[in-house]
**Q** 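One structure, as structure tokens, below. Some questions next.
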Amino acid sequence: MEISKIYEPKKVEDRIYNLWLKSGFFNPDKLPIKKKVFSIIMPPANANGSLHLGHAVFVALQDIMIRYHRMKGDKTLWLPGADHAGFETQVVYEKKLEKEGRNRFQIPREQLWKEMWDFTQANKTIMENQLRQLGASCDWSRKKFTLDPDIISKTQDTFIQMRKQGLVYRGERLVNWCAKHQTAFSDLEIKYEERNDPLYYIKYGPIILATGRLETKFGDTAIAVHPKDKRYQKYINKEVEIETLIGKTKIKIIADEAVDPDFGTGAVKVTPAHDPTDFEIWQRHKNEIPGPIEVIDKFGRLNLLEHFPNNTEAKKYHGLKIVEARKIIAEEMEKKGLMAKIDQNYKHNVGLCYKCGNVLEPRLLPQWFIKIKPLADKAIEVVKKEKIKFIPSRFNKIYFHWMKNIHDWNISRQIVWGIQIPAWFCECGEIIIQKEKPEKCAKCSGNKIEQDTDVFDTWFSSCQWPFLALGFNKSQSSSKSKITDYETYYPTNVMETGYDILFFWVARMIMLGLYKTKKIPFKTVYLHGLVNDKDKKKMSKSKGNVIDPFGIIADYGADALRMGLIIGNTPGNDLAFSEDKIRGYRNFANKIWNASRFVLMNTKKFNPKSQPKLSNKDKKTLNDLKTFTKEITKLMEDFKFYKAAEKIYHYFWHTFCDKIIEEQKKRLSDSNKANQQNSQYLLLKILKTCLMLLHPFMPFITEEVYQNLPIKNKKKCLMNENWPKY
RNA sequence: GGGCACUUGGCGCAGUGGUAGCGCGCUUCACUGACAUUGAAGAGGUCAGAGGUUCAAAUCCUCUAGUGCCCACCA
């Protein structure tokens with residue numbers, strides 16, 4: 001052990017990580033099969049950038065659990081992986097293209113795919129290296145990527161299976177469309193924001209109705225009122241003539257429960273092509289009113305000429321963007337005396353693209369949906385019966401609420417980067433669901449067949465991750481001699497991730513896991529909070545308050561970073577990151593270093609074979625240590641890592657260093673050799689126990705010190721030591 | 001419009017019925033050989049407010065205020 005007075009992580013961390021790698025014990029195959037298995041599937045990080053502090057938190061938490069269980073003697077697997085992260089990566093890559101003056105819509109699909117493949121592969125390498133820097137003791141021999149051929153194939157299998165069982169349907173429904181990114185989303189990906197927009201009271205014949213969306217008026221197919229609204233009884237089921245700006249037309253007044261009599265005048269226009277509520281109203285009145293008239297195109301511009309080709313007035317509005325169209329239409333209607341009034345204090349929520357913040361346009365598009373209700377019911381059940389437990393438990397309620405009100409899941413995305421949907425369209429209109437291109441259409445015998453260009457929502461593959469990453473294969477389950485990883489490690493013990501993806505990921509993993517394997521995918525869900533800056537503000541590039549964990553590691557060491565991210569970090573609650581805190585744990589690492597240095601310097605002549613004769617006080621000290629060990633073990637079992645880490649910190653510094661070592665100083669220089677020996681025994685014993693207890697939290701420094709102890713077992717790593725008994 | 005959480009010394013957080021704790025920061029002193037990334041001593045809180053339950057409440061219940069977050073198709 002070097003004699004430096006200061007602990008220098010840079011000189012230690014790489015070397016120690018390589019020592020672990022060489023030992024081979026990250027791979028549980030090397031570990032004897034005992035009664036217990038412990039497994040965690042690492043949440044696959046998005047392969048589109050570097051790891052941030054949020055990743056560092058999950059690495060620290062999971063590595064703590066993994067190292068603890070490995071030391072306890074469990075057959076312990078931590079399986080690392082990376083996610084292609086469909087739309088997320090597409091957005092990152094589009095920004096890169098933009099900087100280069102390119103545009104994804106001008107690049108052929110195959111070329112774009114190839115570029116993005118190389119991009120994500122490069123990021124994967126960086127990320128793996130960063131995981132090592134954080135000390136992640138995961139099994140690299142089992143690492144997986146969500147675009148590995150077997151994962152792609154099995155993901156498509158699931159889709160095909162669900163389709164056969166009627167759990168997947170193709171629906172022409174209103175979906176949330178982003179005009180910038182040219183794709184639809186699921187409900188979860190919408191960000192709502194309160195806006196203050198004008199509410200226009202317009203005259204439709206004898207009726208005055210209120211709308212915020214003037215520009216969709218060309219797609220109106222009816223006026224709706226509440227069936228019991230006294231004001232409009234005489235109009236219900238009658239037609240009225242209205243002035244549309246591009247001519248006159250007749251429009252029917254219908255009664256529907258969905259209309260709130262207190263909104264505006266109690267009468268609303270019905271635009272089935274551009275409003276979800278209106279779409280549903282139309283479905284209930286299909287026989288009475290015309291269907292959807294699409295007047296807004298995929299670029300978010302008015303498209304009138306398609307429906308009103310020879311209308312010269314329509315040309316005035318054709319091609320206008322929504323905002324300007326609204327303005328111009330309002331002016332025009334005022335001119336013509338069709339505007340009753342404008343309420344400028346109208347507050348409402350608008351749905352935005354969670355990436356670019358543009359207003360999402362509901363559009364009528366054929367998309368693949370998962371019928372989610374049957375899956376959700378089963379997923380509710382397993383949590384209710386406590387087969388799956390959330391930490392903290394308050395997420396039960398949140399989970400139940402969402403699951404009970406769940407909507408069908410749109411899994412189609414109009415992007416390149418993802419797993420292509422195994423659906424084929426024949427020109428005759430037939431849809432064929434299979435992975436390979438069909439030779440000919442069974443219906444028309446034609447061979448003009450094209451694959452669906454859409455890809456799956458990335459969450460559709462990642463929600464199957466626990467069993468896919470473990471190589472789940474239905475046909476193999478009644479297998480021959482070899483026990484598969486899936487059989488050994490599934491269901492996994494813990495899913496540790498941020499609470500922000502409870503719905504996106506955790507809930508869906510439970511649903512798909514149950515569907516596909518008939519088993520829960522994991523037993524415990526530990527949900528950590530988000531890492532904010534020291535003022536509790538969310539970190540973001542635009543605010544410039546993002547802290548790079550690897551800069552922190554360079555300055556203070558990985559152990560200090562891990563401690564700073566663990567202590568004070570209770571499940572489900574956000575964490576305020578402060579460099580001062582990390583500095584404190586850097587100091588602690590230094591304290592460990594120097595206390596160890598002291599013990600090692602004073603135990604050079606220690607004879608491990610000699611039997612110590614302990615005084616009563618020694619016995620009490622060691623007994624206290626046992627009690628303490630027991631306490632820590634209990635906290636580890638209870639997932640209270642924040643508390644365990646704090647307690648060990650306190651014991652090491654203020655009991656071991658400040659009291660025990662100080663007391664032993666006289667004894668170490670005692671002329672009585674036996675007394676010296678006893679003292680050395682005591683110090684080594686306590687130091688070694690502390691190193692073991694600390695190892696899950698601060699793996700590097702504890703391993704480095706351990707390697708220099710005169711009482712370690714040969715060829716062993718601390719990583720692979722037995723958790724202390726009590 | 002619903003729901004969830006938080007409010008404890010300057011800051012960040014523990015603490016779920018029995019005389020207020022931790023880290024950082026602060027004050028004073030100490031650079032004698034493990035460590036100044038240190039040691040010793042210390043200051044600092046009517047536990048957001050009000051009411052209730054109890055022999056006893058930071059801890060349980062009700063209400064109020066402030067903060068943060070999540071969910072929701074009111075045009």
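Lettering of chains follows the sequences in order, A, B, ..., and the numbering in each one begins at 1. Owing to the predicted nature of the structure, the values given are computational and were not obtained by experimental measurement.
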**Q** For A:Val225, is there any backbone N or O sitting under 3.5 Å from a side-chain donor or acceptor partner on A:Asp229?
**A** no
**Q** Report yes if a side-chain nitrogen or oxygen of A:Tyr192 is closer than 4.0 Å to either non-bridging phosphate oxygen (OP1 or OP2) of B:C70; otherwise report no.
**A** no
**Q** So, under a plain 3.5 Å distance rule, would you say the side chain of A:Arg583 forms a donor-acceptor pair with the base of B:U37?
**A** no
**Q** Rounded to whole Å, how long is the line connecting atom CZ of A:Phe588 with atom C1' of B:C35?
**A** 13 Å
**Q** Under a 4.0 Å heavy-atom cut-off, which of residues 401-410 of chain A touch RNA chain B?
**A** A:His401, A:His407
**Q** Under 4.0 Å between a side-chain N/O of A:His654 and OP1 or OP2 of B:G23, yes or no?
**A** yes
**Q** Does this structure show an ion pair linking A:Glu646 with A:Lys643, if we count only N-O contacts that are shorter than 4.0 Å?
**A** no
**Q** Tabulated below should be each protein N or O lying under 3.5 Å from an N or O of nucleotides 9-14 of chain B; please produce it.
**A**
| from | atom 1 | to | atom 2 | distance (Å) |
| --- | --- | --- | --- | --- |
| B:C13 | OP2 | A:Lys536 | NZ | 3.2 |
| B:A14 | OP1 | A:Thr570 | OG1 | 2.5 |
| B:A14 | O2' | A:Lys643 | NZ | 2.4 |

**Q** Run through RNA chain B and report every stem of 3 or more consecutive Watson-Crick or G-U pairs, distances under 3.5 Å, ordered by first number.
**A** B:1-7 with B:65-71, B:10-13 with B:21-24, B:26-30 with B:38-42, B:48-52 with B:60-64
**Q** Of all residues at least two apart in sequence or in a different chain, which pass the side-chain contact (heavy atoms from CB on, under 4.5 Å) check with A:Glu386?
**A** A:Lys389
**Q** Does A:Asn176 use its side chain to pair, donor to acceptor, with the backbone of A:Leu360 at less than 3.5 Å?
**A** no
**Q** Whole Å only: how far is the CD1 atom of A:Ile6 from the P atom of B:A36?
**A** 7 Å
**Q** Counting any heavy atom closer than 4.0 Å, what does A:Phe279 reach on the DNA or RNA strands: base, sugar-phosphate only, or nothing?
**A** nothing
**Q** Do side-chain atoms of A:Arg508 reach the backbone of A:Phe504 as a donor and acceptor pair under 3.5 angstrom?
**A** yes
**Q** Any sub-3.5 Å donor-acceptor pair from A:Ser669's side-chain atoms to A:Lys666's backbone N or O?
**A** yes
**Q** Heavy atoms within less than 4.0 Å of RNA chain B: which residues of residues 208-220 of chain A have one? Give them sorted by number.
**A** A:Thr211, A:Arg213
**Q** When you compare B:G3 with B:G15, how far apart are their P atoms, in angstrom units rounded to a whole number?
**A** 26 Å
**Q** With C1' as the reference atom in both, quote the distance from B:G66 to B:G49 in angstrom, rounded to an integer.
**A** 11 Å
**Q** Mind telling me whether A:Tyr346 and A:Phe263 have parallel, tilted or perpendicular rings, with 30° and 60° as the class edges?
**A** perpendicular
**Q** OP1 or OP2 of B:G23 less than 4.0 angstrom from a side-chain nitrogen or oxygen of A:Trp653, does that happen here?
**A** no
**Q** Can you tell me, in whole Å, how much space there is between the P of B:A72 and that of B:C26?
**A** 47 Å
**Q** Rounded to whole Å, how long is the line connecting atom CZ of A:Arg173 with atom C1' of B:C73?
**A** 12 Å
**Q** Look at A:Lys347 together with A:Glu194 and state whether they make a salt bridge at an N to O cut-off of under 4.0 Å.
**A** no
**Q** Look for any protein N or O under 3.5 Å of an N or O in nucleotides 27-34 of chain B and output each such pair with its distance, or none.
**A**
| from | atom 1 | to | atom 2 | distance (Å) |
| --- | --- | --- | --- | --- |
| B:A34 | OP1 | A:Lys665 | NZ | 3.3 |
| B:A34 | O2' | A:Asn594 | OD1 | 3.0 |
| B:A34 | O2' | A:Arg597 | NH2 | 2.5 |
| B:A34 | N7 | A:Lys665 | NZ | 3.2 |
| B:A34 | N6 | A:Glu662 | OE2 | 3.1 |
| B:A34 | N3 | A:Asn594 | O | 3.1 |
| B:A34 | N3 | A:Ala595 | N | 3.2 |

**Q** How close or far is atom P of B:C74 from atom CG of A:Asp278, stated in whole angstroms?
**A** 13 Å
**Q** Determine the interatomic distance between P on B:U8 and the same-named atom on B:G45; round to the nearest Å.
**A** 15 Å
**Q** Picking from B:C71, B:A75, B:U37, which would you name as closest to the side chain of A:Val259?
**A** B:A75
**Q** Are the side chain of A:Asn545 and the backbone of A:Ser540 linked by a donor-acceptor contact shorter than 3.5 Å?
**A** yes
**Q** When you measure from the side chain of A:Asn569 to the backbone of A:Leu575, do you find a donor-acceptor pair of N or O atoms at a distance under 3.5 Å?
**A** no
**Q** For the residue pair A:Asp457 / A:Trp409, report whether a side-chain donor-acceptor contact shorter than 3.5 Å exists.
**A** yes
**Q** Classify A:Ala258 by what it touches in the nucleic acid, base, sugar-phosphate, or nothing, heavy-atom distance under 4.0 Å.
**A** base
**Q** Looking across every strand, which nucleic acid part, if any, lies under 4.0 Å from A:Tyr346 by heavy atom: base, sugar-phosphate, or nothing?
**A** sugar-phosphate
**Q** Can a donor-acceptor pair be found between the side chains of A:His226 and A:Asp256 at a distance below 3.5 Å?
**A** no
**Q** Can you check the distance between B:A58 and B:U19, where both ends of the measurement are the P atom (answer in whole Å)?
**A** 11 Å
**Q** Please measure how far the P atom in B:C61 lies from the corresponding atom in B:U54, and state the result in whole Å.
**A** 16 Å
**Q** Between A:Arg173 and A:Glu280 (salt bridge meaning N to carboxylate O under 4.0 Å), is one present in this structure?
**A** no
**Q** Taking for each residue the nucleotide of RNA chain B with the nearest heavy atom, is it A:Asp580 or A:Lys397 whose nucleotide lies nearer the 5' end?
**A** A:Lys397
**Q** Determine the Euclidean distance between corresponding P atoms of B:G21 and B:U46; express it in Å to zero decimal places.
**A** 15 Å
**Q** Could you tell me how far B:G18 sits from B:C63 if I compare only their P atoms? Round to whole Å.
**A** 25 Å
**Q** Do side-chain atoms of A:Lys647 reach the backbone of A:Leu635 as a donor and acceptor pair under 3.5 angstrom?
**A** no
**Q** Under 4.0 Å, counting only non-hydrogen atoms across every strand here, what does A:Ser578 touch: a base, just sugar-phosphate, or nothing?
**A** nothing
**Q** Atom CG of A:Asn349 and atom P of B:C70: how far apart are they, to the nearest Å?
**A** 13 Å
**Q** Do the side-chain N or O atoms of A:Tyr585 get closer than 4.0 angstrom to the phosphate oxygens (OP1, OP2) of B:C22?
**A** no
**Q** How close or far is atom C1' of B:A75 from atom CD1 of A:Ile223, stated in whole angstroms?
**A** 13 Å
**Q** Apply the ring pair (Phe, Tyr, Trp, His ring centres under 6.0 Å) test between A:Tyr649 and each candidate in A:Phe588, A:Tyr642, A:Phe656; give the one that qualifies.
**A** A:Phe588
**Q** I need the CG-C1' distance between A:Asn587 and B:C24, as an integer number of Å.
**A** 10 Å
**Q** Donor-acceptor pair, distance only, cut-off 3.5 Å: does the side chain of A:Arg363 make one with the backbone of A:Ala273?
**A** no
**Q** Nearest to the A:Arg394 side chain among B:A72, B:U37, B:C4, which nucleotide is it?
**A** B:C4
**Q** Give a yes or no on whether the ring-centroid distance for A:Tyr526 and A:His528 is below 6.0 angstrom.
**A** no
**Q** Under the side chain to side chain donor-acceptor pair (under 3.5 Å) test against A:Lys269, which residue among A:Asp220, A:Thr221, A:Asp275 passes?
**A** A:Asp220
**Q** May I ask you to decide if the ring planes of A:Phe390 and A:Tyr399 are parallel, tilted or perpendicular, using 30° and 60° as cut-offs?
**A** tilted
**Q** Report the distance from atom CD1 of A:Ile281 to atom C1' of B:C73, rounded to the nearest whole Å.
**A** 10 Å
